[in-house]
Amino acid sequence: MSELITACHSRRATLAARLEPGIVIVPTTQEIIRNADSTYPFRFDSGFYYLTGFTEPDAVFVQIISENSVQNILFCRDKDIEREIWDGYRFGPAAAAAQFGFDAAYPIAELDTRIVELMKNQPRIYYPLAKEMRWDRRVNRWLSDVRALARTGITAPSAILDVRSSLDEMRLFKDDYEVGILRQAGKINAQAHIRAMQFAKPEQMEYQVEAEMLHDYYRQGSRFPAYSSIVASGANSCVLHYGENNARMNDGDLLLIDAGCEIAGYASDITRTFPVNGKFTPAQRAVYEITLAAQEAALATIFPGSTWNAPHDAAVRVLAQGMIDLKLLSGSLQEVLEKETYRQFYMHRTGHWMGLDVHDCGAYKVDGQWRTLQAGMVMTVEPGFYIRPAANVPKEFENIGIRIEDDVLVTADGYENLTITCPKTVAEIEAVMAK
């Protein structure tokens, strides 16, 4: 906990240094009703948590930035012993201020009155603009209340700016605390994928394999998946966002699993594809080896000074040549790339930023150019090869869907594969499944 609080202190100071004087308002999320009086499991807002480390719902972080000082304030649920009997422990303002290092903390019920006082004579407001309409309306109402005081000599903020332009840029570069958590998440997720390989066999249901993975997440301390798992066998492996996970797995099917765990709010995101019966057919192996070579080519382009799009370009070249070699496409490599005919079998990007959100924040282009990679960025590398039945597809290649995905930290001299312990060569996968 202390390491997290130290990191949050540093992040709040960094944010204040990046912004001009004004008031920062960053709310977390609220509990959401699933049905009747039952709620979905609560998940805090990532930007709010990044700055505070506070995990309770119905809270708001406020930062007052002046020329010579910075004040950090938390609004949160009041201490309520009766509610704690039903719902569990609440920090309350006093304990929250002491535990998380805020200069002041107040009950969330006092937000509307206190925030108007705090907004007086501030030159600008920073908050997640247009993220939630209910907060847009609320901020506008506060602003109107401050403007109504103009005849008393009070000035109102003259600008509302999106705090995410600075906050997202900060979150793109992971600090030491974050890297440690991401390594842990990668190891947990890798072990769960290994468990799935060892468990899977013909005639099982996809959801049975999913259950084994969830069990392994929980067993290792990850209480929640980072996103809804994709457990797709046979033809389902060619559906990019398949989510039903309710088909029976047949002998000879490939099983594509895109699944991730969450630890302390941070995600892991691994995809592995393997034969349900433990042995690749010649056609499956050929497509798999091309996809793995595409990933290796993409990984080789990851180092400081390279660009965001370099891994994608490298993967596409290998995949396109592989499609030609398998006689799925005709023409030269240059023709296939220029006409983008490869998109019949590979239609998505090769990765995304990753961190507190599995599809994490951060710009992919700067001034219209693909972003230069720098140490501290974390990204996925996930080429795929999906062969749906078509006139130009031989029977032995039909319904082969393969994706191979790892999580990668850009380092000072290259990259670190955070999910390296998850088997991915044909020999490694078949050896794991043989056990």
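For the single chain, residues carry numbers from 1 onward in sequence order. This one's a predicted model, so the numbers in the text were calculated from it and none came from an experiment.
Between Arg272 and Asp406, at least one side-chain N (NZ, or NE/NH1/NH2) sits under 4.0 Å from a carboxylate O, which counts as a salt bridge. Under a 4.0 Å N-O distance rule, the pair Glu169/Arg371 qualifies as a salt bridge. Using a cut-off of 4.0 Å between Lys/Arg side-chain N and Asp/Glu carboxylate O, Arg114 and Glu117 are scored as not salt-bridged. Taking the charged nitrogens against the carboxylate oxygens, Asp162 and Lys131 have no contact shorter than 4.0 Å, which rules out a salt bridge. Taking a cutoff of 4.0 Å between a charged side-chain nitrogen and a carboxylate oxygen, Lys174 and Asp360 qualify as a salt bridge. Taking the charged nitrogens against the carboxylate oxygens, Glu178 and Arg171 have no contact shorter than 4.0 Å, which rules out a salt bridge.
Panel note: side chain Trp353, backbone Gly362; a donor-acceptor pair is recorded below 3.5 Å.
Using cut-offs of 30° and 60° for the angle between ring planes, the Phe102 and Phe61 rings count as tilted. Between Tyr346 and Tyr342, the ring planes are tilted. Angles from 30° to 60° get that label.
Ring centers of Tyr50 and Phe48: at least 6.0 Å apart, outside the cut-off. Between Tyr227 and His241, a ring centre-to-centre spacing not shorter than 6.0 Å is recorded.
In this structure, the side chains of Asp413 and Phe303 stay at 4.5 Å or more apart for every pair of heavy atoms. By the 4.5 Å heavy-atom criterion applied to side chains, Tyr207 and Val231 are not counted as neighbours.
Across all their heavy atoms, Gly401 and Thr273 have their closest contact at O-CG2, 3.5 Å.
More than 12 heavy atoms of other shown residues, nucleotides or ligands fall within 6.0 angstrom of atom NZ in Lys365.
Summarising the geometry, atom CG belonging to Leu182 is positioned 12.5 Å from atom NZ belonging to Lys187; distances are rounded to the nearest 0.5 Å.
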